[in-house]
Amino acid sequence: MLLDVKRQFFSRSERVKSLDFHPTEPWVVAGLYNGTVVIYNTITNASVKTFEVTDVPVRCVRFISRKNWFVAGSDDYQLRCFNYNTSEKIAAFEAHPDYIRSLAVHPTQPYVITGSDDMSIKLWNWEKSWRCQQVFQGHTHYIMNIVFNPKDTNSFASACLDRTVKVWSLGSPHANFTLEAHDKGVNYVEYYHGNDKPYIVTTGDDRLVKVWDYHSKSLVQSMEGHTSNVSFAIFHPSLPLIISGAEDGTVKIWNSNTYRLEQTLNYGLERAWSIAYSKSINDVAVGFDEGSVVFKLGREEPTFSMDTSGKVIFARNSEIYGTNLQTIEQSDLVDGQRIPSQARELGSTEVFPQSIEHSPNGRFVTVCGDGEYIIYTALAWRNKAFGLGTSFAWAGDSNTYAVREPSGKLRMFKNFKEKNAPTVANSMGGITNVYGGTLLGVQGPGWILFCDWETGNVVRRIDVDVTNVSWSPAGDVVAIVAEDSVYMLNFNREAYDEFVASGGDLGDEGVEDAFEVVSEITDSVSTCKWLGDCFVYISTTNRLCYVLGEQSQPLNNFDGPQYLLGYISTQNRVYVIDKDLQIRSYALAKSLIEYQLAILTGDHASAEAILPSIPSDQKNRVARFLEEQGLKELAMTVATDTDQKFELAVELGKLDEANELAKETPNVDAQNKWRTLGDKALEGWDINLAVDCYKKANDLEALLLIYTSNASKEGLAELAAIATKNGQHNIAFAALLQLGSPGECVDCLMRTERFAEAALFASTYARDRIQECTMAWKNSLFSDKKDKIAKSIAEPQEQPELFNNLIDVE
């Protein structure tokens, strides 16, 4: 199995006795021999938080993510629980009278089980104050590892130095059965994750890794290779692999189908003690004497292909499944909603599939993996042809294909018989990949060579670092995907044919006029497809976009990685798939693309003819597109959303239409619209409309500005009444002051118990009310126990300086 192993994280530390991945954060928690628990970020390679748990070894640690906790067992017999966000210690108690070597957290129930050197296993319930609910006894030595059965979480298995593995049920203190697993102590046990095999894997001090069928209680396979005690072995949750580590310092990767050793890793960190794996990504963490390493196995992208009729084929390990999206009722399709799986098993492959690709006519499917390729018939899943190959490319006629062999040699076939391969491509050497389509694309370091399928002649060499090549269905445009750009090139077949007919020397470079750069899209592309003349892609930032001319139009944003599956024109939907092989769809009408292309090319007559065929639920998308192109008048006629039409009407100065649209808006949401419309009307000196809008928006400040500017007594009087009713007394006072009504101004101040201001205002503008205001002011001060100030109000002539400063005191 050809599988890339890429180191993601490295940290030197004290001996690492236990590791665990967080299910959602990029974290791994490590329990160290010096009594410390450390949480690392595997992306930044930095420590997130450190806990000084104890001064003796922490031999086991696990996340309880649904509570934001981790739980740790140590050599001081204590089981401790911490909140990793707040660093608060949740619990600490003596769980066993001896070292705690292992623990497991139930995936759904509030249970933690612990195994100890006291030869017992205990079940703890954290919702009942960490009460011990069950003790499991039967082992006669140290219990090294415990694991829940992922297919039946009411059962678990334990590995013990008494050379046995026992399987238990939560409701019984006695083991269901016992396996005499190894000739020496058993260090680890782990369940197989799939439903097709009732297997467990065990490791022991006899240097062996063994696979057992726990239904028949029989040995399936024994694997030799380690030269010292084997500390652990696990089934990878998504790849057909077994990963083991030992005190010889090595980590070995085995094929879980053939049990053949695939790779041996040695990071030079002395003995390997612990392992953890992520269920969401292909990362594996291993703990050693001198630190921790996290490495990624293979790629996380799903292996899939969809033909033009909507038939999908995808792989789960070596099993192949198929489904037909064309049969799904269109009424059941909702944007972003997961489509219920209707997949059926088609068969299996003899290789671990790294890629799957339909032939252009959909009759054949090619599987590449482990340095080999196999061509199957799509319907019956029968082997049609096979050979050595690391990459594969179909020609447009489905009868011709090319293969890049592991040696780097390029071979071509027609009707499943070998034909002459391009000699120039093979002579250049360094071939890394091949791409199919109208021309054969042969990739090397920093260049791509386009060759004619029939003659093998070089059509054009282009110097660019390529990550993908995609031809339009018509074969006249090719998208060359680079690291952070996409180059759209027109292919001129006539220029190439004329050059060849004239006897020109193609050489190593081909015909310069064969390709012409049309546009460049600056974006980083993950997967891409052509939908007719429209190029659709998903970016590495998880945006679904389609390209029109030189513009990239967003269709949807995803929370996580998605991969473009294809397009079904009869449904007008784009399909995507994620790493868990869940399929979703998004509406994208072909008529919408044709309309937008017509607008971009200035063909408004054709666009108008296409418009009625666009589904009504996509008219607002059309309107937004037209608005971006500066065609706001046209956008307003197309838009169906009231808010969008209102905004366009305001921008275009169509205030009467905007007024009617605002009237259609519910009162709860209408105030902002009326305010916006009022501001626009005021800009155009349409005072009457502005006043009407501000009244409906209850914008009294704007009304005060207008009425004071045009000296409208009726308006100010009405405004004063409305403001008083609404409790906006400052506006009411300002309106009354402009009306020249000092008595009413005094009333306004008195109503709001602003007695000091009322008295001072009355002393200038309403002297007949000075006594009333002064007495009210004095009484309020007496009630507030400000007697000295109150007396100064009663006899102001005796303390004039104090009286003059009263407003500052108040």
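Basis for what follows: all heavy atoms, side chains included, without hydrogens, waters or symmetry-related copies. Since this is a predicted model, take the numbers as computed values, not measurements.
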Should the pair [X]-[Y] be classified as a salt bridge under the 4.0 Å nitrogen-to-oxygen rule?
X	Y	answer
D335	R573	yes
D213	K197	no
E262	K252	no
R493	D452	yes
K296	D4	no

So is K384 actually on top of F416's ring, under 6.0 Å and inside 45° of the axis? yes
Does the Lys NZ or Arg CZ of R316 fall within the cation-pi geometry relative to Y321 - under 6.0 Å from the ring centre and within 45° of the axis? yes
Nearest heavy-atom pair of [X] and [Y]: which atoms, and what distance?
X	Y	result
L325	Q571	O-NE2, 3.1 Å
V209	S244	CG2-CB, 3.9 Å
F535	C528	CZ-CB, 3.3 Å
I43	P26	CD1-CB, 3.6 Å
Y259	V211	CE2-CG2, 3.8 Å
W453	L440	NE1-N, 3.4 Å

Can you confirm whether the side chains of S552 and Y537 place a donor and an acceptor under 3.5 Å from each other? yes
What I'd like to find out is whether the side chain of [X] reaches to under 4.5 Å of the side chain of [Y], using heavy atoms alone.
X	Y	value
V367	Y373	no
V525	T540	no
R7	V294	no
Y567	K590	yes
R411	E405	yes
N556	R543	no
S355	S305	no
V477	L489	no

Would I356 and T366 count as a side-chain contact (heavy atoms from CB on, under 4.5 Å) if you check the C-alpha gap in whole Å, the side-chain angles of each, and the deciding distance to 0.1 Å? CA-CA 6 Å; I356 295 179; T366 306; over 6 Å; no
Candidate pair V574 and Y546, rule side-chain contact (heavy atoms from CB on, under 4.5 Å), full reasoning: CA-CA 11 Å; V574 176; Y546 60 101; over 6 Å; no
May I ask you to decide if the ring planes of F148 and H106 are parallel, tilted or perpendicular, using 30° and 60° as cut-offs? perpendicular
Mutual orientation of the aromatic rings belonging to F63 and H22 [parallel < 30°, tilted 30-60°, perpendicular > 60°]: perpendicular
Under the criterion side-chain contact (heavy atoms from CB on, under 4.5 Å), I'd like the reasoning laid out for V486 against D523: C-alpha separation, chi angles, the key distance, then a yes or no. CA-CA 7 Å; V486 181; D523 206 347; 5.8 Å; no
Quick check on the 6.0 Å ring-centre criterion: do Y191 and Y214 meet it? yes
What about Y277 and H236, are their ring centers closer than 6.0 Å? no
Quick one, Q8 with T42, criterion side-chain contact (heavy atoms from CB on, under 4.5 Å). Give me CA distance, side-chain angles, the key distance, then yes/no. CA-CA 7 Å; Q8 301 286 99; T42 59; 5.6 Å; no
Checking N324, T323, I328 against Q326 for side-chain contact (heavy atoms from CB on, under 4.5 Å), the one that qualifies is N324
